[in-house]
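First up is the structure itself, then whatever we jot down about it.
Quick caveat, the model's predicted, so the values are computed rather than measured.
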Amino acid sequence: MLGRLSGGFSAPSVAALLQAPNAALQSVGSDGERRVAWARIVVTALLLITPTYKLIRYPDNQVFVLGFFVTAIAFGAAVVVRWLLRKGQYGTWVGFASSGLDVSLVSLALTLFLFSGPPLGAINSKVTFEIYFLAIAATALRYDGRISAFAGVLAMAQYAGLVGFAMWRWDLAAPTSLDADTGTFSLVDQVTRLILMGSATLLAMLMVDRAQTLVQAASTDPLTGVGNRAHFDRRAHAEHERARRYQRHLAIALIDVDHFKLFNDAHGHGVGDNVLVTVATLLGRNLRRSDVLARYGGEEFALVLPEATLEAARAKIDLSRRTIEVTILDLPDGKEPSRLTISAGVAVFPEDGDTIDLLVAVADERLLSAKRQGRNQVVAGPLTGEHRVPSAS
């Protein structure tokens with residue numbers, strides 16, 4: 001994905017368009033889903049104005065009654081989706097469900113119009129039909145090409161089924177089906193509509209692919225390939241919110257490469273870069289999919305370990321420390337091989353603080369303690385006289 005950004009444009013494969021997003025993209029997609037939820041409420045509320053006015057003005061008109069009914073259902077569904085997002089953690093299934101809901105509400109409206117008025121009024125709709133495109137376009141904000149494909153295919157299948165049923169149920173070319181306001185039936189026009197829906201789906205998937213490339217580049221340290229500081233901050237706050245909601249542990253660790261300046265001074269910055277790449281690789285081997293590794297700055301790395309107690313986090317990082325300790329660097333300048341060591345400080349929510357800033361401050365203090373005590377160790381317990389920033393609460 002990064003290669004397409006740095007090496008020029010190349011058409012993405014179908015597999016690339018349908019690949020599952022990584023943790024960073026899921027975090028961004030979660031924010032996108034919440035934005036779509038707000039937009040859904042605003043749009044459906046505005047759409048409710050016209051059918052409400054018409055219902056009051058023409059209470060006996062069945063079409064206006066159905067229009068109000070469908071729009072009210074859409075508004076109620078929008079409120080429920082927003083409420084569920086506030087209550088629970090975002091998962092990929094939410095994107096599939098909400099985009100499927102958006103598409104299906106459009107199909108429901110067209111179906112009700114099909115049975116409540118001239119069939120061609122639904123088949124040749126020039127207002128309701130276009131909402132399909134809004135629903136498909138909104139899927140790009142989930143940063144998951146699979147959701148865009150799902151919504152597009154679902155919309156095409158539902159609309160094709162609706163047209164096919166109308167062709168089977170009524171003679172759409174009969175004089176009784178014709179109306180000056182609804183036009184005439186054209187199978188070519190209906191096929192063209194399906195092609196346009198497919199094109200909109202492909203465009204949404206390409207937008208997702210491009211956004212994924214940009215987000216990946218903006219979240220990745222170009223040297224080590226792990227997350228950068230912005231990625232750490234975003235994921236740390238997201239995991240902290242989840243830990244608070246479900247009353248789970250969350251560990252934050254800061255890790256520093258011991259005597260890194262000596263590597264640069266003695267062997268040059270090229271060797272120093274190789275040291276950072278090696279440390280990032282070895283730290284990443286012992287992590288779960290839900291864990292977050294980022295380059296925090298310079299020779300310092302940071303970890304976010306969801307649902308990890310202080311002891312579990314200490315044991316995990318100490319395993320990496322021991323692995324790094326026995327790793328021998330073959331130096332390109334002909335000098336004797338060197339060994340690497342790291343020092344680390346660990347803090348855990350909620351025992352060590354209730355904000356990310358406080359947890360980072362505690363982890364940093366313990367990292368400094370590990371250095372003062374001789375380096376090559378992990379400090380995870382409270383320090384004597386350890387300073388605490390007062391809680392915001």
key: Full working for side-chain contact (heavy atoms from CB on, under 4.5 Å) between Val279 and Leu276   = CA-CA 5 Å; Val279 171; Leu276 295 177; 5.8 Å; no

inquiry  = Any donor-acceptor pair under 3.5 Å linking the side-chain atoms of Arg242 with those of Tyr246?
reply    = no

key: Heavy-atom side-chain contact between Leu187 and Met167 under 4.5 Å   = yes

request  = Hey, can you tell me if Phe165 and Phe115 have their rings parallel, tilted or perpendicular (30° and 60° cut-offs)?
outcome  = tilted

task = Carefully, step by step, assess Ile317 and Leu303 under the rule side-chain contact (heavy atoms from CB on, under 4.5 Å).
result = CA-CA 9 Å; Ile317 297 169; Leu303 285 173; 3.9 Å; yes

key: Side-chain heavy-atom pair Asp221, His231 within 4.5 angstrom cut-off   = no

ask   = Looking only at heavy atoms, what is the nearest atom pair of Leu154 and Ser104, with distance?
value = CD2-OG, 4.1 Å

key: Trp168 with Val163, same ILVMFWY side-chain cluster at under 4.5 Å   = yes

request  = Decide yes or no on side chain to side chain donor-acceptor pair (under 3.5 Å) for Ser99 and Asp102, but give the supporting numbers first.
outcome  = CA-CA 5 Å; Ser99 60; Asp102 292 339; over 6 Å; no

inquiry  = Please report the interatomic distance CD1(Ile342) to CZ(Arg322), rounded to the nearest 0.5 Å.
reply    = 11.0 Å

query = Any side-chain heavy-atom pair from Arg82 and Arg34 closer than 4.5 angstrom?
reply = yes

query = Taking all non-hydrogen atoms of both residues, which atom of Val103 and which atom of Tyr132 are closest, and how far apart?
reply = O-CE2, 3.7 Å

Donor-acceptor contact present, side-chain Asp318 to main-chain Arg321, <3.5 Å = no

query = Any side-chain heavy atom of Ile252 sitting closer than 4.5 Å to one from Val348?
reply = no

task = State the CD1-CG distance between Ile324 and Asn286, to the nearest 0.5 angstrom.
result = 10.0 Å

ask   = Side chain of Thr213, backbone of Asp209: donor and acceptor closer than 3.5 Å?
value = yes

task = Kindly give the heavy-atom pair with the smallest separation between Ala280 and Val226, and that separation in Å.
result = CB-CG1, 3.9 Å

ask   = Any idea which heavy atoms bring Ala204 and Thr139 closest together, and the distance?
value = CB-OG1, 4.0 Å

request  = Return yes if some donor-acceptor pair links the side-chain N/O of Asp189 with the main-chain N/O of Ser186 below 3.5 Å, else return no.
outcome  = no

inquiry  = Tell me if the CZ atom of Arg35 is crowded by more than 12 foreign heavy atoms within 6.0 Å.
reply    = no

task = Output yes when Arg314 and Glu311 qualify as a salt bridge under the 4.0 Å nitrogen-oxygen rule, no when they do not.
result = yes

ask   = When rounded to the nearest 0.5 angstrom, what is the spacing between CD in Glu307 and CG in Asp291?
value = 10.5 Å

ask   = Under 3.5 Å, is there a donor-acceptor pair between the side chain of Lys316 and the main chain of Leu287?
value = no

ask   = How about Phe349 and His240: are their ring centroids closer than 6.0 Å?
value = yes

message = Counting neighbours of CZ on Phe133 that are heavy atoms of other residues, nucleotides or ligands and sit closer than 6.0 Å, is the number greater than 12?
response = yes

query = Thinking salt bridges, do Asp352 and Arg366 make one under a 4.0 Å N-O criterion?
reply = yes

inquiry  = For the CG atom of Leu196 and the CG atom of Leu203, what is their distance to the nearest 0.5 Å?
reply    = 12.0 Å

request  = Using only heavy-atom distances, determine whether the side chains of Arg235 and Ser219 contain a donor-acceptor pair under 3.5 Å.
outcome  = no

ask   = So, Glu130 and Lys126, do they make that salt bridge, N to O below 4.0 Å?
value = no

key: Single-linkage hydrophobic cluster, 4.5 Å side-chain cutoff, Leu172 and Leu162 together   = yes

ask   = Can you hop from Leu105 to Phe75 via hydrophobic side chains spaced under 4.5 Å?
value = no

request  = Mark yes or no for whether Ser125, through its side chain, and Ala122, through its backbone, hold a donor-acceptor pair below 3.5 Å.
outcome  = no

query = Any donor and acceptor pair, going by atom type alone, linking the side chain of Gln247 with main-chain N or O of Ala243 inside 3.5 Å?
reply = no

key: Within-4.5 Å side-chain heavy-atom neighbours: Leu282 and Arg285   = yes

query = What's the spacing between Met207 CE and Leu202 CG if we round to 0.5 Å?
reply = 12.0 Å

request  = Flag yes if Leu223 and Val257 sit in one hydrophobic cluster, no otherwise; membership is Ile, Leu, Val, Met, Phe, Trp, Tyr, and two members link when side-chain heavy atoms are under 4.5 Å apart.
outcome  = yes

remark   = Nearest heavy-atom approach of Val346 to Ala253 is CG2-CB, 4.1 Å

Val360 side chain reached by Phe232 side chain, heavy atoms, under 4.5 Å = yes

query = With distance as the sole criterion, is a donor-acceptor pair present between the side chains of Glu365 and Ser369 under 3.5 Å?
reply = no

note = Between Ala347 and Ala363 the two heavy atoms that sit nearest each other are CB-N, 3.8 Å

query = Do Asp354 and Arg244 pass the side-chain contact (heavy atoms from CB on, under 4.5 Å) test, and can you show the C-alpha distance, the side-chain angles, and the key distance before you say yes or no?
reply = CA-CA 8 Å; Asp354 61 357; Arg244 291 189 65 173; 5.6 Å; no

message = Closer than 3.5 angstrom, by distance alone: can the side chain of Arg193 be matched with the main-chain N or O of Ile123 as a donor-acceptor pair?
response = yes

key: Residues Lys371, Asp258: salt bridge by 4.0 Å N-O rule   = no

ask   = What's the verdict on side-chain contact (heavy atoms from CB on, under 4.5 Å) for Leu310 and Glu351, showing C-alpha distance, side-chain angles and the deciding distance?
value = CA-CA 9 Å; Leu310 197 65; Glu351 289 87 342; over 6 Å; no

task = Tell me yes or no: between the side chains of Asn228 and Arg295, is some donor less than 3.5 Å from an acceptor?
result = no

query = Would you say the side chain of Leu110 lies within less than 4.5 Å of the side chain of Leu114, judging by non-hydrogen atoms?
reply = no

message = Looking at Asn376, is its backbone amide N or carbonyl O close enough to the side chain of Ser343 to form a donor-acceptor pair, meaning the two atoms are under 3.5 Å apart?
response = yes

inquiry  = Within the structure provided, determine whether Phe301 and Leu254 are in side-chain contact (heavy-atom separation under 4.5 Å).
reply    = no

message = Checking the side chain of Thr220 only, and the main-chain atoms of Ala217 only, is there a donor and an acceptor separated by less than 3.5 Å?
response = no

Pi-cation contact, Phe96 with Arg146 (under 6.0 Å, within 45°) = no

key: Straight-line distance of Ile49 CD1 to Lys54 NZ, nearest 0.5 Å   = 13.0 Å

key: Modelled atom types, side-chain donor and acceptor of Tyr159 and Gln190, under 3.5 Å   = yes

request  = Treating Ile, Leu, Val, Met, Phe, Trp and Tyr as nodes and any side-chain heavy-atom pair under 4.5 angstrom as an edge, say whether Leu101 and Val94 lie in one connected cluster.
outcome  = yes

